[in-house]
Amino acid sequence: MTAVESPEKALFASTTEAFLQKEAPLTYVRDLHAAGVSFDREWWRRAAQLGWTGLLVPEELGGGAVSGNGFADLAMVAELIGKTVAPGPLYPVSTVLAALVECGEHDIHAAAIDSLMSGDAVASWAVYEPGGGWAPLEPSVTATPHDGGYRIDGVKDRVEAGAQSDMLLVVARCDDEIRQFLVPTTTPGVRIEPQPSVDLVKQYARVQFDGVDVQRSAVVGKPGETTALVERQSQIAQVLQCAEVVGILQTVFGFTVRWAFDRHTFGRPLASYQALKHRFADMKTWLEACRATTSAAVAAVATRSPRAGWLASIAKSYVGEKAPAIVQDCVQMHGGIGVTWEHDLHLYLRRVVLYRSMFGSPEEHNLRVYAWEEASR
C-alpha cells in the first residue's frame with residue numbers, strides 16, 4: 001500500500017510520516033488521553049493543509065491527489081497513522097466528503113466541502129444505531145417531509161468524534177427510501193452524549209434527534225443514488241481501517257522482533273529459541289496476508305471495481321480476526337512488561353480491538369462474503 005510510483009508521491013509520503021513522527025508521537029497520544037481530549041483542532045488544520053482531506057475530492061472542487069489515485073494515497077496516510085496510532089477524524093471526515101462530492105447535487109454543499117477540506121470544520125457519519133450491528137441500509141431513524149423540509153427523529157450511536165463534530169451526515173428512512181442528511185450539530189433537537197471507548201483518543205457519541213427540522217438543501221444524494229453512496233462510504237471506511245491496522249501490525253511486529261533479539265535468557269537471545277521462531281513465522285505469515293488482502297481491497301475500491309464490496313469484506317474479516325491475535329502474541333513475547341501501562345503495546349492493542357467491530361465484525365463480513373459467493377454462482 002505504501003508503494004511509491006513517483007517522486008511526488010515519495011515526497012507526500014515522507015512529509016506525512018515526518019509530520020506524524022514530530023506532531024503525533026505516542027507521547028502526544030498519551031497526553032491527549034490524560035487531558036480527556038480526542039484531538040486538537042489546530043493540529044487537525046495542519047494535517048488538512050498537508051492535503052489529507054482533499055484526496056477524495058476532485059480537482060474541480062479544490063481537491064486532488066499527487067498520484068492521481070486519491071484513495072490509494074489516503075490508504076497510505078492511514079497506514080502511516082497506524083505507526084503512532086495518531087488521533088484525528090480522518091475516517092469520519094473522509095466518508096462524509098465522499099458522499100458530498102459524489103452526490104448529484106454537490107454544488108449545494110460547496111461551503112461544507114470547503115470547510116471540511118480546510119480543517120475548519122469536522123463532520124462525522126451517523127450510521128450506527130443502538131443495539132444493532134452493521135446494517136447501514138436498515139435505519140430506524142426517520143425523516144418525515146415537513147414544512148418544505150424534513151423532521152428527523154431517532155437515535156444514532158457509535159458516532160466517531162460526534163461531540164467534536166460541527167455537522168453529522170445522518171442515514172435515515174424517508175417513507176420507503178433511504179436518504180442522507182447533513183445536519184449541523186447546533187440544530188435544535190440534536191442532543192449528543194459521549195460513549196465510552198477502549199481506545200485512548202478515539203471518542204464516540206450517542207446522538208438523539210428529537211424533532212430536528214432541516215431544509216431540503218440538507219439532503220445529500222438523490223433517492224436513486226443514496227444506496228450506492230452508502231455502499232461506497234462503507235467500503236472507504238472499512239478499507240481505511242484495515243490499512244491503518246496493517247501499519248499497526250508492521251510497527252508492533254517490528255519492535256517485538258527487536259525486543260526478542262535484545263532480550264537474553266541463559267546467555268541466549270529470545271529470538272534464538274525454536275519455539276519462538278515458529279511463533280514469529282506464524283505472525284509474519286498472518287501479517288503479510290493482512291497486507292495482501294488490504295492491498296487488493298484498496299486497489300478495488302480505488303478503481304470502483306464491481307468486486308470492491310466483496311474484497312472490502314474479505315479484508316475486514318481477515319484483518320479483524322488476525323490483527324488482535326498478532327498483537328496479543330506480541331504482548332506475550334514481551335513477558336511481564338508487555339501488560340504494563342507504561343509500555344506502548346496496549347495503545348496499539350486498543351486500536352485493533354476497537355476496529356475489529358467497527359463497520360462490521362469479522363462474523364458479519366463472513367456472511368457478506370458468503371452472500372456474494374452464492375449470488376455469483
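- Annotation: Tyr273, atom OH; neighbour count of heavy atoms from other residues, nucleotides and ligands within 6.0 Å is above 12.
- In this structure, Ser197 contributes its side chain and Gln203 its backbone to no donor-acceptor pair below 3.5 Å.
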For Leu168 and Val207: C-alpha separation, side-chain torsions, deciding distance, then whether side chain to side chain contact (heavy atoms under 4.5 Å, CB included) applies. CA-CA 10 Å; Leu168 302 173; Val207 185; 3.8 Å; yes
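- Here Phe19 and Trp52 bring their ring centres to under 6.0 angstrom of each other.
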Starting from the C-alpha separation in whole Å, work towards a yes-or-no answer on side chain to side chain contact (heavy atoms under 4.5 Å, CB included) for Phe71 and Met76. CA-CA 9 Å; Phe71 184 70; Met76 179 191 69; over 6 Å; no
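- Note: Trp341 and His33 meet the aromatic proximity criterion, with ring centroids under 6.0 Å apart.
- Between the side chain of Gln195 and the backbone N or O of Arg158 there is at least one donor-acceptor pair closer than 3.5 Å.
- A donor-acceptor contact under 3.5 angstrom links the side chains of Ser140 and Glu129, judged on distance only.
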Where do Tyr204 and Leu354 land on the side chain to side chain contact (heavy atoms under 4.5 Å, CB included) test, with the steps shown first? CA-CA 11 Å; Tyr204 292 82; Leu354 171 67; 3.5 Å; yes
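- A salt bridge does not link Lys83 with Glu244: none of the charged nitrogens is closer than 4.0 Å to a carboxylate oxygen.
- Atom CG of Leu347 is separated from atom CG of Leu26 by 6.0 Å, given to the nearest 0.5 angstrom.
- Remark: side-chain polar atoms of Thr53 are paired, donor with acceptor, to backbone N or O of Met117 under 3.5 angstrom.
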N/O donor-acceptor pairs under 3.5 Å from side chains in residues 327-337, not counting sequence neighbours:
residue, atom, partner, partner atom, Å
Asp329, OD1, Arg279, NH2, 3.1
Gln332, OE1, Arg279, NH2, 3.3
His334, ND1, Cys330, O, 2.9

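- Using modelled atom types and a 3.5 Å distance limit, the side chains of Ser317 and Asn366 yield a donor-acceptor pair.
- Side-chain contact of Glu102 with His106: a donor-acceptor pair under 3.5 Å is absent, judged by distance alone.
- At most 12 non-hydrogen atoms from other residues, nucleotides or ligands lie less than 6.0 angstrom from CD of Glu138.
- Checked by atom type and distance alone, the side chain of Glu105 never pairs as donor or acceptor with a backbone atom of Lys222 at under 3.5 Å.
- With no hydrogens or angles considered, a side-chain donor-acceptor pair links Ser118 and Asp120 at under 3.5 Å.
- Here the closest non-hydrogen pair linking His109 and Val219 is NE2-O, 3.0 Å.
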Run the side chain to side chain contact (heavy atoms under 4.5 Å, CB included) test on Arg30 and Asp344 for me, step by step, so that the C-alpha distance in whole Å, both residues' side-chain angles and the decisive distance to 0.1 Å come before the verdict. CA-CA 10 Å; Arg30 289 179 180 270; Asp344 292 331; 3.2 Å; yes
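- Counting non-hydrogen atoms of neighbouring residues, nucleotides and ligands closer than 6.0 angstrom, the CD atom of Glu193 exceeds 12 such neighbours.
- By the neighbour-count criterion of 12 heavy atoms within 6.0 Å, atom CD of Glu177 is densely surrounded, having more than that number from other residues, nucleotides or ligands.
- Ring centroids of Trp125 and Tyr91 are separated by 6.0 Å or more, keeping the two rings apart.
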